[in-house]
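Below is one structure, written out as structure tokens, with a few remarks after it.
Residue numbering restarts at 1 for every chain, and letters A, B, ... go by the order of the sequence lines. The structure displayed is predicted, hence computed values, not measured ones.
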Amino acid sequence: NAGVTQTPKFRVLKTGQSMTLLCAQDMNHEYMYWYRQDPGMGLRLIHYSVGEGTTAKGEVPDGYNVSRLKKQNFLLGLESAAPSQTSVYFCASRRLSSGGSGETQYFGPGTRLLVL
Amino acid sequence: AQSVAQPEDQVNVAEGNPLTVKCTYSVSGNPYLFWYVQYPNRGLQFLLKYITGDNLVKGSYGFEAEFNKSQTSFHLKKPSALVSDSALYFCAVRDMGGDSSASKIIFGSGTRLSIRP
């Protein structure tokens with residue numbers, strides 16, 4: 001199993017450009033999450049999905065959109081990139097059952113985004 | 001509102017000495033608590049969690065954490081530090097508010113652990 005993979009690994013954008021970050025998981029997990037990591041702020045939840053075809057806003061959703069057309073994929077879109085979106089983006093997934101081992105989230109390796 | 005705090009930005013320990021990384025939490029109801037580790041240029045890896053049961057939880061790489069309800073703490077510990085333990089450590093709590101079915105996690109700001117040879 002590859003686990004959770006993210007593409008691309010690194011990207012440089014100019015202000016106003018758009019891009020899509022792809023997250024894929026091969027563990028048949030129901031839940032998927034997008035976070036951003038900034039120095040001194042830990043990880044903050046952008047959007048999440050509790051199943052195919054469903055998405056919801058997290059703590060910092062402004063400027064981002066997401067889609068979950070297939071269970072294994074969770075896409076994060078930036079329609080018009082801004083320098084404030086310079087960050088490291090992590091995707092995570094977990095399985096449906098709550099309690100015990102079901103609570104563990106599995107993370108991808110991250111995408112480093114620089115917006116000039 | 002649920003929250004978690006890591007009061008130390010950095011912890012420095014000599015190899016072979018015991019280490020503690022502190023975490024305090026604020027939740028309504030019974031907490032689900034986690035520790036994750038991040039090595040340079042990598043994603044987060046799960047270390048251990050407390051859901052219920054024994055207050056002392058054992059996890060990966062020889063780490064353990066003690067749940068203390070009266071002090072609302074969940075400190076990460078290891079009896080003898082290794083240089084390879086140097087990494088960024090995150091404490092986290094499950095968000096029980098709002099859409100609790102989504103099992104969202106709230107992360108602390110992280111503590112950088114540095115183990116010197």
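Linking Ile, Leu, Val, Met, Phe, Trp and Tyr whenever their side-chain heavy atoms come within less than 4.5 Å puts A:Phe74 and A:Tyr89 in one cluster. No path of Ile, Leu, Val, Met, Phe, Trp and Tyr side chains, each step under 4.5 Å between heavy atoms, connects B:Phe107 with A:Ile46, placing them in separate hydrophobic clusters. There is a path of hydrophobic side-chain contacts, each under 4.5 Å, that joins B:Ile115 to B:Tyr61. Cluster annotation: A:Tyr31 and B:Ile51 are assigned to the same hydrophobic cluster (Ile/Leu/Val/Met/Phe/Trp/Tyr, side-chain heavy-atom contacts under 4.5 Å, transitive). Under the 4.5 Å side-chain heavy-atom criterion for ILVMFWY residues, a single connected hydrophobic cluster contains both A:Val60 and A:Leu78.
Taking CZ from A:Arg44 and OG from B:Ser109, the interatomic distance works out to 12.0 Å, rounded to the nearest 0.5 Å. Atoms CD1 and OH, from B:Ile105 and A:Tyr33 in turn, are 7.0 Å apart once rounded to the nearest 0.5 Å. Within the model, atoms CD of B:Gln45 and CZ of A:Phe107 stand 11.0 Å from one another, a figure rounded to the nearest 0.5 Å.
Annotation for B:Asn30: atom CG does not count as buried by contact number, only 12 or fewer foreign heavy atoms lying within 6.0 Å. The local environment of NZ in B:Lys22 is sparse, with at most 12 non-hydrogen atoms from other residues, nucleotides or ligands closer than 6.0 Å. For CD of A:Glu52, the number of neighbouring non-hydrogen atoms (other residues, nucleotides, ligands) closer than 6.0 Å is greater than 12.
Below 4.5 Å, heavy atoms of chain A meet heavy atoms from B:Leu88, B:Phe90, all part of residues 80-92 of chain B. The contact list for residues 34-42 of chain B toward chain A, using heavy atoms and a distance under 4.5 Å, reads B:Phe34, B:Tyr36, B:Gln38, B:Asn41, B:Arg42 by residue number.
With a 4.5 angstrom heavy-atom cutoff, A:Leu45 touches chain B only via side-chain atoms. Neither the backbone nor the side chain of A:Glu30 comes within contact range of chain B; no heavy atoms are under 4.5 Å apart.
Side chains of B:Lys104 and A:Tyr48 form a contact here, defined as non-hydrogen atoms less than 4.5 Å apart.
In terms of non-hydrogen atom pairs under 4.5 Å with chain A, the most contact-rich of B:Asp9, B:Leu44, B:Thr52 is B:Leu44.
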